[in-house]
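Just so we're on the same page: letters track the sequence lines, and every chain starts at 1. It should be emphasised that the depicted structure is a prediction, and the values quoted were computed from it without experimental measurement.
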Number of protein chains: 2
Amino acid sequence: MQLSKSSQYAIRILAYMVDYKDSKLLNATELSETLLIPYKFLTKIMTEVVKSGLVISIRGRDGGYCFAKPPSEIKVNEILTIFNDSIKDEQCVLGIGFCNGMCKCALHDQWMEPKHLMQKMFQESTLEEIAGRGCKI
Amino acid sequence: MQLSKSSQYAIRILAYMVDYKDSKLLNATELSETLLIPYKFLTKIMTEVVKSGLVISIRGRDGGYCFAKPPSEIKVNEILTIFNDSIKDEQCVLGIGFCNGMCKCALHDQWMEPKHLMQKMFQESTLEEIAGRGCKI
DNA sequence: TTTTAATTCTACCTTTAAGTAGTAATTATT
DNA sequence: AATAATTACTACTTAAAGGTAGAATTAAAA
């Protein structure tokens with residue numbers, strides 16, 4: 001009952017990138033060391049984030065990562081979709097297919113509210129909003 | 001972001017057992033066929049449920065499973081704990097250790113409400129309550 | 001006492017997530 | 001042109017979840 005490590009790390013990485021204000025790019029080594037995320041795993045994750053189009057990478061010396069669009073326009077849910085962690089409407093708590101009005105599982109009704117709150121949390125929160133808050137490690 | 005298959009199946013199995021009113025015991029073959037759960041996987045799951053003390057098994061011919069205590073006294077959460085799926089208080093959405101008042105993650109505050117709703121749902125719902133509802137497959 | 005129908009146990013197989021290793025490609029600097 | 005610093009790619013390893021196979025155990029019934 002939790003997000004994949006990839007999603008958790010990706011959100012933390014991008015939230016950290018928002019706060020980072022500097023002329024030079026943020027690179028994998030620095031992200032790995034400050035966020036305590038294994039270097040090789042971090043680069044693997046970032047490669048997927050880059051492919052998704054949220055982030056741009058510059059290779060070679062002095063390279064690193066930066067946002068492809070303003071963090072105020074990036075919803076947390078966009079990060080989850082990269083790793084197939086987005087909460088789908090049709091997926092219910094007991095894993096039964098087609099759990100809806102006609103035929104619904106024993107916990108269907110009680111599941112609706114927490115599900116919608118989570119969907120709302122992920123779909124409406126922007127990176128910009130959440131970045132200011134909290135600690136990163 | 002979902003329960004393990006073991007927890008999902010176990011809840012569905014026990015909920016079905018509540019509705020079953022018959023002189024003879026419910027056995028693995030019948031449960032497997034009516035709930036469309038792989039037989040061998042189901043017996044593995046039930047062995048753990050029996051070990052937890054929620055259910056009693058009778059071996060040998062005409063054997064099967066029945067509740068060790070009334071379903072009205074069994075909370076859904078007791079099933080989750082068998083498979084380590086219970087939602088822990090200290091566990092937060094971004095997987096950071098010690099995410100609390102002092103140092104909390106970027107989504108900590110928004111996570112509280114859905115988390116508590118889920119905990120409430122699992123901790124307060126009894127098997128008896130949820131069994132009447134919904135379809136089983 | 002043998003047969004039969006049931007659970008239990010031990011061990012394995014498969015798939016996926018998580019993490020690691022090494023090399024290739026790219027780019028700024030010297 | 002060489003070097004150093006960076007990401008990308010390919011492939012592997014490890015751990016856990018999900019699932020399967022077969023033999024052992026149990027107990028009712030013939």
- Give the rounded distance in Å between these two atoms: CD of Glu48(A) and C1' of dT7(D). 14 Å
- Is there side-chain contact between Glu78(B) and Ser52(B), with heavy atoms separated by less than 4.5 Å? no
- Remember a base hit wins even if backbone is also touched, and classify Lys24(A) as base, sugar-phosphate or nothing at under 4.0 Å, heavy atoms. nothing
- Message: I'd like to know whether NZ of Lys69(B) has more than 12 heavy-atom contacts from other residues, nucleotides or ligands below 6.0 angstrom.
- Response: yes
- Message: Taking side-chain hydrogen bond (donor to acceptor under 3.5 Å, both in side chains) as the definition, give me every residue that meets it alongside Asp22(A), ordered by chain and number, with sequence neighbours left out.
- Response: Tyr20(A)
- Task: Identify, with sequence neighbours excluded, every residue that meets ring-ring contact (aromatic ring centres under 6.0 Å, His included) alongside Phe41(B).
- Result: Tyr9(B)
- Pairs flagged by ring-ring contact (aromatic ring centres under 6.0 Å, His included) wherever residues 70-121 of chain A is involved - sequence neighbours left out: none
- Message: With a sphere of 6.0 Å drawn around NZ of Lys120(B), does it hold more than 12 non-hydrogen atoms of other residues, nucleotides or ligands?
- Response: no
- Message: Contact list please: residues 81-93 of chain B against DNA chain C, heavy atoms, distance less than 4.0 Å, in numerical order.
- Response: none
- Is there side-chain contact between Glu128(B) and Pro70(B), with at least one heavy-atom pair below 4.5 Å? no
- Side chains of Gln8(B) and Lys5(B) in contact at under 4.5 Å (non-hydrogen atoms): yes
- Query: Does Thr47(A) have a side-chain nitrogen or oxygen under 4.0 Å from the phosphate oxygens OP1 or OP2 of dC9(D)?
  - Reply: no
- Item | Heavy-atom check, side chain of Phe67(A) versus side chain of Leu54(A), under 4.5 Å | no
- Task: Under 4.0 Å from any heavy atom of chain B: name the first and the last nucleotide of DNA chain C that qualifies, 5' to 3'.
- Result: dT4(C) to dC9(C)
- Task: Do nucleotides 18-30 of chain D as a string where each nucleotide becomes B, S or -: B if the base has a protein heavy atom under 4.0 Å, S if just the sugar-phosphate does, - if no protein is that close.
- Result: SBBBB--BBBBS-
- Side-chain donor-acceptor contact under 3.5 Å, Asp89(A) with Gln119(A): yes
